[in-house]
Enquirer: 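Please find one structure pasted underneath; my questions will follow.
Since the model is a prediction, treat every value here as computed from it, not as a measurement. In this chain, residues are counted from 1 in sequence order. Both backbone and side-chain heavy atoms feed into the values below; hydrogens, waters and symmetry mates do not.
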Amino acid sequence: MAGAAIFDVDGTLTDTNHLHVVAWWEAFRQAGHTVPMPDIHRAVGLGSGDLIERLLGADRDPGQDEAISSAHTVLYGTYFDRIPAFRRAGDLLRTLAGRDWQVVLATSASGAELAALRRAVDADEVIRATASSDDVERGKPSAEPVELACRLAGVTPDQAVFVGDTVWDMEAATRAGVGAVALLSGGIPRADLERAGADAVYRDVADLLDHLDDSPFGPDPG
């Protein structure tokens with residue numbers, strides 16, 4: 001077995017980051033807050049509680065948090081039947097599985113949202129396990145989701161590579177001691193991803209698939 005290929009989903013396998021931005025923006029607006037969309041974009045990938053605290057501050061009224069998070073969930077849910085996967089996302093997962101990599105998802109999504117994302121990617125037959133927000137106490141940039149993904153795959157960190165699109169993904173991978181591959185498909189600048197610990201950067205999943213042999217997933221990932 002080659003090891004574990006751990007994937008973030010939003011912005012990595014599915015083109016959903018900006019859908020989250022719009023949903024969060026409206027959820028904040030409904031609660032009486034004006035939050036610039038670029039700020040929301042940079043926070044996407046954090047768990048709901050961490051995202052709200054980052055954007056509204058520690059001195060906010062935390063009594064609003066649940067209502068804001070619930071509003072985001074409802075608003076984002078309107079896209080579930082048409083979530084777009086990035087081109088060749090499923091092909092990448094199937095190719096890695098065919099090379100004996102164990103494919104595991106590490107995502108902040110859960111429940112109906114995770115089910116919708118998996119339908120969009122359309123590669124369930126090769127996804128071994130999922131480390132979702134329901135399974136951990138702390139989301140990315142904590143190492144906990146990536147560490148859980150390694151345990152689910154039965155590998156040590158040096159046998160795993162994590163693919164994501166945000167600074168939080170790269171920080172989580174680095175803290176967990178796994179290889180970190182960044183994709184630009186989430187809209188985060190290359191320099192930011194590299195500063196956060198990316199070992200390699202690709203345009204999107206299709207670009208990674210085209211260069212798989214020269215990537216950390218190549219014949220000699222070490």
Side-chain angles (χ1 to χ4, degrees), residues 1-17 19-20 44-45 47 76-77 79-136 139-140 142-166 168-170 172-173 176 178-183 185-186 200 202 204-213 215-218 221:
M1 187 66 67
I6 306 169
F7 282 85
D8 170 62
V9 183
D10 285 302
T12 299
L13 298 175
T14 59
D15 191 6
T16 48
N17 279 9
L19 300 179
H20 276 295
V44 166
Y76 184 68
Y79 299 110
F80 281 0
D81 62 347
R82 56 194 187 278
I83 285 176
F86 283 114
R87 184 177 65 89
R88 303 176 74 193
D91 292 339
L92 174 60
L93 301 192
R94 284 185 285 271
T95 298
L96 287 168
R99 296 185 178 193
D100 289 332
W101 288 86
Q102 298 184 71
V103 177
V104 181
L105 306 182
T107 174
S108 297
S110 63
E113 179 183 347
L114 178 57
L117 293 169
R118 292 182 67 146
R119 283 195 301 272
V121 175
D122 193 24
D124 264 3
E125 72 277 10
V126 299
I127 297 173
R128 175 186 173 115
T130 301
S132 78
S133 60
D134 291 335
D135 305 314
V136 296
K140 296 173 281 187
S142 162
E144 190 176 348
V146 182
E147 291 170 343
L148 174 58
C150 288
R151 292 197 298 273
L152 291 170
V155 302
T156 57
D158 62 307
Q159 297 172 308
V161 178
F162 180 62
V163 183
D165 68 293
T166 68
W168 323 118
D169 291 329
M170 298 302 101
V178 309
V181 171
L183 304 182
S185 48
Y202 298 88
D204 51 24
V205 285
D207 186 36
L208 174 56
L209 180 56
D210 286 340
H211 297 92
L212 205 57
D213 287 340
S215 78
F217 294 108

Enquirer: Report the relative orientation of the aromatic rings in Phe217 and Trp101; use parallel for angles under 30°, tilted for 30 to 60°, perpendicular for over 60°.
Expert: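 Phe217 and Trp101: perpendicular rings.
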Enquirer: Any donor and acceptor pair, going by atom type alone, linking the side chain of Gln102 with main-chain N or O of Ala153 inside 3.5 Å?
Expert: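 Answer holds: yes.
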Enquirer: Suppose we screen for side-chain hydrogen bond (donor to acceptor under 3.5 Å, both in side chains). Which residues come up paired with Thr166, at least two apart in sequence or across chains?
Expert: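 Partners of Thr166 by the side-chain hydrogen bond (donor to acceptor under 3.5 Å, both in side chains) criterion, ordered by chain and then number, come out as Asp169.
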Enquirer: Measure the shortest side-chain to side-chain distance between Leu105 and Leu13 over non-hydrogen atoms and say whether it is less than 4.5 angstrom.
Expert: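 Yes, close enough: below the 4.5 Å cut-off.
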Enquirer: Is there a side-chain contact between Leu92 and Phe7 in this structure, where contact means two heavy atoms from C-beta onward sitting under 4.5 Å apart?
Expert: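 In contact.
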Enquirer: Is any side-chain heavy atom of Ser215 closer than 4.5 Å to a side-chain heavy atom of Leu208?
Expert: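 Result yes, sub-4.5 Å side-chain heavy-atom pair found.
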Enquirer: Main chain of Gly11, side chain of Asn17: is a donor-acceptor contact present, judged purely on distance under 3.5 Å?
Expert: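 Yes, Asn17 side chain to Gly11 backbone: donor-acceptor pair under 3.5 Å.
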Enquirer: Starting from the C-alpha separation in whole Å, work towards a yes-or-no answer on side-chain contact (heavy atoms from CB on, under 4.5 Å) for Val178 and Cys150.
Expert: CA-CA 9 Å; Val178 309; Cys150 288; 3.8 Å; yes
Enquirer: Which residues pass the side-chain hydrogen bond (donor to acceptor under 3.5 Å, both in side chains) test with Ser142, not counting sequence neighbours?
Expert: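 If we apply the side-chain hydrogen bond (donor to acceptor under 3.5 Å, both in side chains) test to Ser142, skipping adjacent residues, there are no hits.
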Enquirer: Among residues two or more places apart or on two chains, list those pairs meeting salt bridge (charged side-chain N to carboxylate O under 4.0 Å, His left out) that have a residue in residues 84-97.
Expert: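 Listed by first then second residue: Arg88-Asp210, Asp91-Arg94, Arg94-Glu125.
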Enquirer: Going through the distances and angles, do Asp10 and Val44 end up as a side-chain contact (heavy atoms from CB on, under 4.5 Å)?
Expert: CA-CA 9 Å; Asp10 285 302; Val44 166; 5.5 Å; no
Enquirer: Under the rule for salt bridge (charged side-chain N to carboxylate O under 4.0 Å, His left out), what residues qualify as partners of Asp122, not counting sequence neighbours?
Expert: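 Scan of Asp122 (salt bridge (charged side-chain N to carboxylate O under 4.0 Å, His left out), adjacent residues dropped) gives none.
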Enquirer: Quick check on side chain to side chain donor-acceptor pair (under 3.5 Å): which of Asp8, Thr16, Asp15 does Thr12 satisfy it with?
Expert: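 Result for side chain to side chain donor-acceptor pair (under 3.5 Å) with Thr12: Asp8.
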Enquirer: Do Leu212 and Leu96 make a side-chain contact, defined as non-hydrogen atoms from C-beta onward lying under 4.5 Å apart?
Expert: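 The answer is yes; the side chains approach within 4.5 Å.
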Enquirer: Would you please name every residue forming a side chain to side chain contact (heavy atoms under 4.5 Å, CB included) with Asp134, sequence neighbours left out?
Expert: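 Ser110, Ser132.
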Enquirer: Listed by chain and number, what are the salt bridge (charged side-chain N to carboxylate O under 4.0 Å, His left out) partners of Glu113, not counting sequence neighbours?
Expert: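 With sequence neighbours excluded, Glu113 shows a salt bridge (charged side-chain N to carboxylate O under 4.0 Å, His left out) to no residue whatsoever.
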Enquirer: Is there side-chain contact between Asp135 and Leu148, with at least one heavy-atom pair below 4.5 Å?
Expert: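 Yes, at least one pair of side-chain atoms sits under 4.5 Å.
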